[in-house]
Amino acid sequence: MSTAVITPIHSLSRPTARRPEAPRPSNPGAQAIVGDVSATIARPTGRIRLTRRGRVVLTSLAAAPLIALAAWLGLNAGAATASSTPSSASFEYVTVEHGDSLWSLAGTLAPEADPRDVIADVMALNQLETSTVVPGQNIAIPERYTTP
């Protein structure tokens with residue numbers, strides 16, 4: 001009888017000896033050659049990769065405080081208060097004559113004041129868009145430029 005000796009071709013157990021570590025290259029994507037084996041060394045880049053859903057969630061979380069602030073300011077902006085009591089404000093009116101302008105009226109109403117300030121106050125009170133006036137137009141005079 002003959003005996004056969006069976007020797008395994010590949011070892012099933014790992015070798016206990018460790019390979020010497022190769023020096024790491026400074027380039028993270030570079031190839032390091034260890035003996036006759038070529039391996040790619042992968043280092044984490046430190047960048048976060050977000051999926052589409054992650055970007056939507058992150059954007060929503062960042063925008064939520066801004067939307068809440070805008071809503072709070074919009075709702076609490078303050079309401080105009082109307083009362084049923086009539087206003088006691090009364091104005092003196094000047095009728096514009098031919099050849100008059102707001103500049104000449106400002107000089108007549110308040111000769112000691114700057115005419116530009118008087119014109120600005122008259123335009124604001126009468127809600128005039130331009131400083132052009134026409135003969136026959138009634139112009140309200142601000143109270144501080146009227147004589148008591």
Side-chain angles (χ1 to χ4, degrees), residues 9-148:
I9 297 174
H10 297 288
S11 173
L12 296 177
S13 64
R14 293 186 174 223
T16 56
R18 299 182 95 188
R19 283 191 211 164
E21 290 191 26
R24 294 187 175 191
S26 61
N27 187 358
Q31 300 239 343
I33 301 175
V34 179
D36 59 347
V37 179
S38 169
T40 302
I41 299 174
R43 289 189 184 165
T45 60
R47 292 187 65 197
I48 298 174
R49 288 189 169 181
L50 291 177
T51 61
R52 184 175 186 273
R53 182 170 45 169
R55 286 191 299 268
V56 169
V57 168
L58 186 63
T59 304
S60 300
L61 289 175
L66 296 175
I67 292 170
L69 179 67
W72 182 73
L73 290 175
L75 294 175
N76 293 328
T81 306
S83 64
S84 61
T85 59
S87 173
S88 63
S90 62
F91 299 103
E92 289 188 23
Y93 289 91
V94 173
T95 303
V96 177
E97 296 179 10
H98 184 70
D100 282 345
S101 65
L102 286 181
W103 190 270
S104 64
L105 289 175
T108 322
L109 294 172
E112 70 284 346
D114 186 5
R116 293 172 292 195
D117 294 335
V118 177
I119 292 171
D121 291 341
V122 168
M123 286 180 65
L125 179 64
N126 292 285
Q127 298 176 352
L128 299 174
E129 294 180 10
T130 63
S131 62
T132 306
V133 290
V134 293
Q137 183 177 3
N138 285 332
I139 303 290
I141 305 301
E143 188 176 356
R144 67 181 184 183
Y145 300 121
T146 58
T147 55

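The chain is numbered in sequence order, starting from 1. Just so it is clear, the values below take in all heavy atoms, side chains as well, and ignore hydrogens, waters and symmetry mates.
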For R144, the salt bridge (Lys or Arg N to Asp or Glu O under 4.0 Å) test, sequence neighbours excluded, returns D121
Apply side-chain contact (heavy atoms from CB on, under 4.5 Å) to T108 and list each qualifying residue two or more places apart in sequence or on a separate chain. none
What pair of heavy atoms forms the shortest contact from [X] to [Y], and how long is it?
X: V133; Y: S101; value: CG2-CA, 4.1 Å
X: A106; Y: P115; value: CB-O, 3.9 Å
X: A140; Y: V122; value: O-CG1, 4.2 Å

What's the separation between atom [atom1] in [X] and atom [atom2] in [Y], rounded to the nearest 0.5 Å?
X: Y145; Y: D117; atom1: OH; atom2: CG; answer: 6.0 Å
X: Q137; Y: D100; atom1: CD; atom2: CG; answer: 11.0 Å
X: I119; Y: L128; atom1: CD1; atom2: CG; answer: 11.0 Å
X: N126; Y: I141; atom1: CG; atom2: CD1; answer: 7.5 Å
X: T146; Y: E143; atom1: OG1; atom2: CD; answer: 6.0 Å
X: L125; Y: M123; atom1: CG; atom2: CE; answer: 12.0 Å

Take a 6.0 Å sphere around CD of E112 and say whether it holds more than 12 heavy atoms from other residues, nucleotides or ligands. yes
